[in-house]
Amino acid sequence: MASLFKDPNKLSAYRDRRFSGTQEEFEQALLSSTTVYVGNMSFYTTEEQVYELFSRAGEIKKIIMGLDKQSKTPCGFCFVLYYSREDTEDAVKYVSGTILDDRPVRVDFDWGFKDGRQWGRGKSGGQVRDEYRTDYDPGRGGYGKLVQKE
Ligand code: GTA
């Protein structure tokens, strides 16, 4: 069956500033990659739970948990690597929005995992968005990092 995902601009709103190639290469990678990024995860969700949920879309090659680069503990995201493109698209289509540990997870196409991408890029170690967050979110360490410092 022909892929429903053919327009790279509709695949993902996220542009990784650390991708070293051109925009065209980035778009090509999004169209062919078998990796998804999973965001809005609880800090307490385990790799086993991710495995159980995402294997509904297809056979998983590998899961890489996103870690806080200082504490080396999960900081709310991960990458799931599939064997087939069809399963990757199914994960985006059907698993995105599923509740995992009381949170709707966000599943996004990704250009492909490279060593180093497992670390949060925020100044304090976790994800960038957790530095700016001003709400209280018990599943993600309470208040955002900037609010905690005030
Ligand atoms: N495929 O949506 C995604 C995605 N996100 C959000 C992160 N990654 C993603 N991959 C896909 N889709 O490998 C990947 C990254 C990296 C790992 C950790 O997860 O490629 P991070 O989340 O810590 O860092 O990444 P990243 O990607 O730089 O963060 P973000 O949130 O997208 O921020 C982008 C820019 O917006 C930054 O300049 C940041 O300073 C700014 N920003 C973000 N949130 C706010 C905010 N609330 N207010 C103001 N500025 C903000």
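These numbers were taken from a predicted model, which means no experiment stands behind them.
- Take Arg133 and apply the salt bridge (charged side-chain N to carboxylate O under 4.0 Å, His left out) test, not counting sequence neighbours, and it matches Asp130, Asp135.
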Mind running side chain to side chain contact (heavy atoms under 4.5 Å, CB included) on Phe77 and Arg129 for me, showing each step along the way?
-> CA-CA 11 Å; Phe77 72 99; Arg129 57 196 56 214; over 6 Å; no
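- Side-chain atoms of Arg85 come within 3.5 Å of backbone atoms of Ser33 as a donor-acceptor pair (strictly under, hydrogens ignored).
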Please lay out, stage by stage, how Asp87 and Lys61 fare under the test salt bridge (charged side-chain N to carboxylate O under 4.0 Å, His left out).
-> CA-CA 11 Å; Asp87 296 346; Lys61 192 181 199 177; over 6 Å; no
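- Taking Ser12 as the reference, Asp108 meet the side chain to side chain donor-acceptor pair (under 3.5 Å) condition, with sequence neighbours excluded.
- The heavy-atom pair separating Val36 from Tyr82 by the smallest distance is CG2-CE1, 4.2 Å.
- Checking side-chain atoms of Thr34 against main-chain N and O of Thr88 turns up no donor-acceptor pair under 3.5 Å.
- Judged by distance alone, with hydrogens and angles left aside, the side-chain atoms of Gln118 form a donor-acceptor pair with the main-chain N or O of Gly116 at under 3.5 Å.
- Applying the side chain to side chain donor-acceptor pair (under 3.5 Å) rule to Arg15 yields the partners Gln23; only residues at least two apart in sequence or on another chain are considered.
- Evaluation of the side chain to side chain contact (heavy atoms under 4.5 Å, CB included) rule for Thr22 yields Glu24, Glu25 as partners, not counting sequence neighbours.
- Residues passing the side chain to side chain donor-acceptor pair (under 3.5 Å) test with Gln127 are Tyr37, Arg140, sequence neighbours excluded.
- Remark: Lys10 pairs with Asp7 by the salt bridge (charged side-chain N to carboxylate O under 4.0 Å, His left out) rule, at least two apart or across chains.
- When each of Val50, Leu100, Val105, Thr45 is checked for a side chain to side chain contact (heavy atoms under 4.5 Å, CB included) with Val38, only Val105 meets the rule.
- Pairs of residues two or more places apart, or lying in two chains, that qualify as ring pair (Phe, Tyr, Trp, His ring centres under 6.0 Å) and include a residue from residues 130-150 are Tyr136-Tyr143.
- Take Thr35 and apply the side chain to side chain donor-acceptor pair (under 3.5 Å) test, not counting sequence neighbours, and it matches no residue.
- Taking Asp137 as the reference, Arg103 meet the salt bridge (charged side-chain N to carboxylate O under 4.0 Å, His left out) condition, with sequence neighbours excluded.
- Under the side chain to side chain contact (heavy atoms under 4.5 Å, CB included) criterion, Ser55 pairs with Tyr51, Ile60, sequence neighbours left out.
- Rounding to the nearest 0.5 Å places CG of Leu81 at 4.5 Å from CD1 of Ile64.
- For Gln70, the side chain to side chain contact (heavy atoms under 4.5 Å, CB included) partners at least two apart in sequence or on another chain are Asp68.
- Listed for the Gln49 side chain is a donor-acceptor partner under 3.5 Å among the backbone atoms of Thr46.
- The side chain to side chain contact (heavy atoms under 4.5 Å, CB included) check on Lys69 picks up Trp119, with sequence neighbours excluded.
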